[in-house]
There are 2 protein chains.
Amino acid sequence: MARERYHHGDLRSALLDAAETLVRERGADGWSLREASARVGVSPSAAYHHFASRDTLVRALSERTLGWLGERLRQDCERAPGQEDDPQCRLIALGRGYVRWALDDPAVARLVLRGGATGPDSSISPHPHDVLTAELDRLAEAGALPGPAREGAEFVVWAALHGLAVLLADGLVRFDDPHAVGLQTERVVRTTLNGLAQESSPTAGRPPARSAYTERLAARRAPE
Amino acid sequence: MARERYHHGDLRSALLDAAETLVRERGADGWSLREASARVGVSPSAAYHHFASRDTLVRALSERTLGWLGERLRQDCERAPGQEDDPQCRLIALGRGYVRWALDDPAVARLVLRGGATGPDSSISPHPHDVLTAELDRLAEAGALPGPAREGAEFVVWAALHGLAVLLADGLVRFDDPHAVGLQTERVVRTTLNGLAQESSPTAGRPPARSAYTERLAARRAPE
DNA sequence: ACATGCATCTCAACACTGTTCAGATTGGAG
DNA sequence: CTCCAATCTGAACAGTGTTGAGATGCATGT
């Protein structure tokens with residue numbers, strides 16, 4: 001706990017770790033930079049050699065967490081139960097993973113999902129949103145999503161999933177049965193995908209939506 | 001601005017007003033109790049005769065805002081365009097109102113929707129969530145929503161709508177065309193309702209979901 | 001009219017926060 | 001072995017939420 005050497009070695013990630021556990025212990029806002037520094041055994045000002053501000057630390061923690069989550073969601077899609085390679089099953093697995101995370105680690109999830117922290121400049125890889133769009137592409141290729149319905153579909157699914165996750169992390173919705181949350185998530189995904197597939201008259205001339213993520217994606221494809 | 005009388009008269013709502021405009025000016029977290037007090041022309045400790053803590057002030061502001069929003073959403077439903085009294089048109093109007101609010105007043109919306117602040121003990125009337133469930137009931141009575149699909153449908157619609165609102169308020173999704181947000185909202189509502197209506201095999205034995213709002217509703221129906 | 005009670009507000013103080021900056025300490029490159 | 005740049009410390013600043021003891025004045029009862 002107390003370090004002996006003057007130089008810490010990897011203070012940056014040590015601070016991220018300390019902040020993360022503090023968030024878990026005291027909630028998304030119940031901690032301070034000073035406390036995290038003290039827990040690492042370092043003076044408060046030391047942190048400023050690795051983060052420009054407390055807010056930068058939060059952003060960095062968010063990015064680290066989102067990257068880890070994205071990787072896990074990708075795995076969840078691969079290991080999806082059900083018929084071999086059914087795109088819908090994969091999307092359900094993705095949704096379950098996303099929501100399960102929000103419920104298992106609500107304090108961190110609240111901090112991260114509060115967003116604003118994850119602008120288009122961030123280099124999160126793979127970003128959960130990327131995983132979602134990839135899975136929707138797979139669904140479209142399988143023919144389960146008509147062409148016009150695919151366009152902008154990620155916003156519908158994302159909104160529904162994100163909304164459920166936020167509601168759960170904030171404690172606005174609760175489920176007594178631990179299985180209930182999974183079933184409810186599955187229902188949300190199924191309902192959304194069904195609704196999209198049977199979109200009778202796709203909104204004529206629907207203007208393109210733009211998200212921080214699509215911008216980031218575009219920037220990645222055409223660097224400079 | 002500067003008051004002459006020693007007693008303010010209605011300091012409580014004056015503080016709420018000051019906090020509200022401060023949130024608009026500097027963001028959900030960029031303000032302090034002291035600043036709000038100073039703007040009202042009162043010492044910082046005066047606030048503690050009306051609010052137990054800064055957090056209580058935030059909660060009170062959230063409740064006031066949600067009550068106002070609920071009333072406006074109810075009006076939006078009444079004035080819904082489209083065929084006379086079409087329940088789906090009413091729900092679309094509700095969704096548009098909810099999302100428009102999140103976009104027109106994003107800082108306040110972020111503060112309010114961050115939630116946790118709006119527990120079941122709050123006496124918000126009419127709560128936006130109540131308005132939504134009432135409209136879903138109307139839809140079910142009109143036969144546009146099969147019985148088994150109605151059960152727990154509010155969570156699906158709420159999640160989708162809430163998710164879109166949060167994504168917009170947090171700036172994670174942006175729309176260039178001002179019409180786009182309305183169209184996207186409409187699409188989310190339509191898609192969700194369509195998906196619910198055509199729910200092929202409603203999840204067998206789906207356990208009851210419970211939200212802070214259903215609890216509050218139950219408590220209101222059976223006081224004591 | 002006047003005293004009294006009580007809600008309301010002020011003042012001063014506490015511990016704590018994020019942030020800055022001059023200087024001490026070090027690992028590693030030349 | 002020297003020196004540099006990266007890293008960390010210590011002390012300080014303005015500002016925060018919160019508390020408690022005391023001042024102020026409105027409304028009420030006589």
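Chain identifiers are assigned alphabetically (A, B, ...) following the order of the sequence lines, protein sequences preceding nucleic acid strands; residue numbering begins at 1 within each chain.
- Atom CZ of B:Arg12 and atom C1' of C:dT8 are 15 Å apart (whole Å).
- Taking atom CG on B:Leu11 and atom P on D:dG25, their separation rounds to 16 Å, with Å as the unit.
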Reading 5' to 3' through nucleotides 19-27 of chain C, protein heavy-atom contacts under 4.0 Å coded B for base, S for sugar-phosphate only, - for none: BBB--BBS-
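- Note: CG (A:Leu15) to P (D:dT7) measures 13 Å, nearest angstrom.
- Here the P atom of nucleotide D:dG15 and the CD atom of B:Glu35 are 10 Å apart, to the nearest Å.
- The existence of a salt bridge linking A:Arg74 and A:Glu78 is excluded, since no basic side-chain nitrogen approaches an acidic carboxylate oxygen closer than 4.0 Å.
- If you take CH2 of B:Trp31 and C1' of C:dT17, they are 17 Å apart, rounded to a whole angstrom.
- B:Asp29 has a carboxylate O that lies under 4.0 Å from a charged side-chain N of B:Arg114, or vice versa, which qualifies the two as a salt bridge.
- Using a 30° and 60° split on the angle between ring planes, B:Trp101 and B:Tyr98 fall in the tilted class, from 30° to 60°.
- A salt bridge links A:Arg150 with A:Asp137: the closest approach of a Lys/Arg side-chain nitrogen to an acidic carboxylate oxygen falls below 4.0 angstrom.
- Regarding B:Phe51, its CZ atom lies at a distance of 11 Å from the P atom of C:dC9, rounded to whole Å.
- Ring-plane geometry between A:Trp158 and A:His162 is classed as perpendicular, the angle between the planes exceeding 60 degrees on a 0 to 90 degree scale with a lower cut at 30.
- In this structure, A:Leu57 places its CG atom 15 Å from P of C:dT17, rounding to the nearest Å.
- Out of C:dT10, D:dG17, D:dT9, the shortest distance to the side chain of B:Ser32 is found at D:dG17.
- Between A:Glu186 and A:Arg190 there is a salt bridge, since at least one side-chain N of the basic residue sits less than 4.0 Å from a carboxylate O of the acidic one.
- For the OP1/OP2 pair of C:dC9 and a distance below 4.0 Å, the side-chain nitrogens and oxygens of B:His50 include at least one atom meeting the criterion.
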